[in-house]
Amino acid sequence: MQKRIGACRAHTNIALIKYWGKRDQTLFLPTSSSLSLTLNAFYTDTRVQWLDNLSNDLFYLNGEKQSKEETNKISRFLDLFRDELGINGYAKVESYNHVPTAAGLASSASAFAALAGACRESLHLDWSNEKLSTFARRGSGSATRSVYGGFVEWNKGTSSVDSKAIAIDDANWDVGMVIIAINKAKKKVSSREGMQLTVATSPFYSQWVEQSEQDLIAIKEAIANQDIQRVGEIAETNAMRMHATTLAANPPFTYFEPETLQAIASVQALREKGFTAYYTIDAGPNVKVLCKASEMSQIKQHLSETFTNDQLITTTPGDALTRLDHWEYED
Ligand code: ADP
Ligand code: DP6
Ligand code: CO
């Protein structure tokens, strides 16, 4: 009998053109297309094992058995595969985050890309990464893009089968990022709740969608030209426009903390010193600084005047989803 176990590693990604809102909550269809950079420093390893003696799915995160609520999220995701393939049975899912969980550092992106990949391996599916990205999407929108390395576009598509990611550029040129981890604690408003409230109540929302479409066209051209300054300029304004929509929501909210503004000021100061450095911020207080890989350590050095060394993480672009052969044995 074929073994029914599979394991994968997926890296997180940081959106440069943000996904911020769904047009279909169940199918995870976004209101606009988005574009990201996969990061080498942060990733999730996940193993899926289908076992005969189970009467429900099991989920372990970082070695700890998870609550019913968290396990249910995994079960809903496994249902997508069970339904598609017409199979029964339960699985033990074990996952390790090499990224803080739910802190605005995109753990849901690497998590569901790794889980989708481990499902593909454990069920011996002959699926392309494009198809797999449509399944990752149903776990968390940002996971659609973590199937690939480098710069990745998630095309909003017209339906569940064509709302998928494609690789745009391997980012194997002078591209780097310095992460300023301001607060690694779990955020109060999840991305899911935050975007839903914004879509429903922010009067700025429709303008955000329109502007984002223009930004996407412009950033793709800048990437094709390997023009990191232009990529940074577009990413920075796109991020701030996303955050502006939350301030206008009802009730209003923000993911910014006092140190977020301090980090923004530090990036502006870096530019005044002549560095190519632009910030982007996801649904959390942490700031990510897009820069040239060749200037990354100098930039870190300057930022260490304001932030502690363990708050500063440098990274180069990350790779696509990979299989973890050595973890695919039954214990
Ligand atoms: P983040 O900014 O980290 O992506 P989100 O609010 O989008 O924050 O998603 C966090 C949620 O993703 C967690 O509460 C959990 O439900 C899920 N998650 C995170 N890591 C994993 C993992 N390794 N396996 C499965 N689900 C995970
Ligand atoms: C601000 O993918 O975490 O990071 O689809 O509801 O799971 P769900 O949300 P999630 O949202 C990410 C929002 C963002 C922007 C982005 O990654 O594009
Ligand atoms: Co997320």
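When a ligand or atom number is given, it counts from 1 through the structure's own listing order.
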Review point. Counting both backbone and side chain atoms, is some N or O of Ser108 under 3.5 Å from an N or O of ligand 2?
Key: yes
Practice item. Compute the shortest N/O to N/O distance between Asn13 and ligand 2 and return yes if it is under 3.5 Å, no if not. Key: no
Review point. Judged by non-hydrogen atoms, does Arg137 sit under 4.0 Å from ligand 2?
Key: no
**Study point:** Min heavy-atom dist Ser34 to ligand 2 below 4.0 Å
**Key:** no
Practice item. Have a look at ligand 1 and work out which part of Leu105, if any, has a heavy atom under 4.0 Å from it: side chain, backbone, both or neither. Key: backbone
**Study point:** Closest to atom 21 (C) of ligand 1 among Gly104, Ala111, Ala102 (heavy-atom distance)
**Key:** Ala111
Between [X] and [Y], is there a side-chain N and carboxylate O pair less than 4.0 Å apart?
X	Y	result
Arg323	Glu328	yes
Arg4	Asp52	yes
Asp282	Lys18	yes

**Study point:** Ser142 near the Co ion (ligand 3): N/O/S under 2.8 Å
**Key:** no
Exercise for review: Find all atoms of ligand 1 within a distance of less than 4.0 Å from any non-hydrogen atom belonging to Leu61, and give their numbers and elements.
Suggested key: 22 (C), 23 (N)
Review point. Among side-chain atoms of Gln229 and Glu233, is any donor-acceptor pair under 3.5 angstrom?
Key: yes
Study note, to complete from the structure: Within 4.0 Å of some non-hydrogen atom of Lys22, the atoms of ligand 2 are 5 (O), 6 (O), 8 (P)
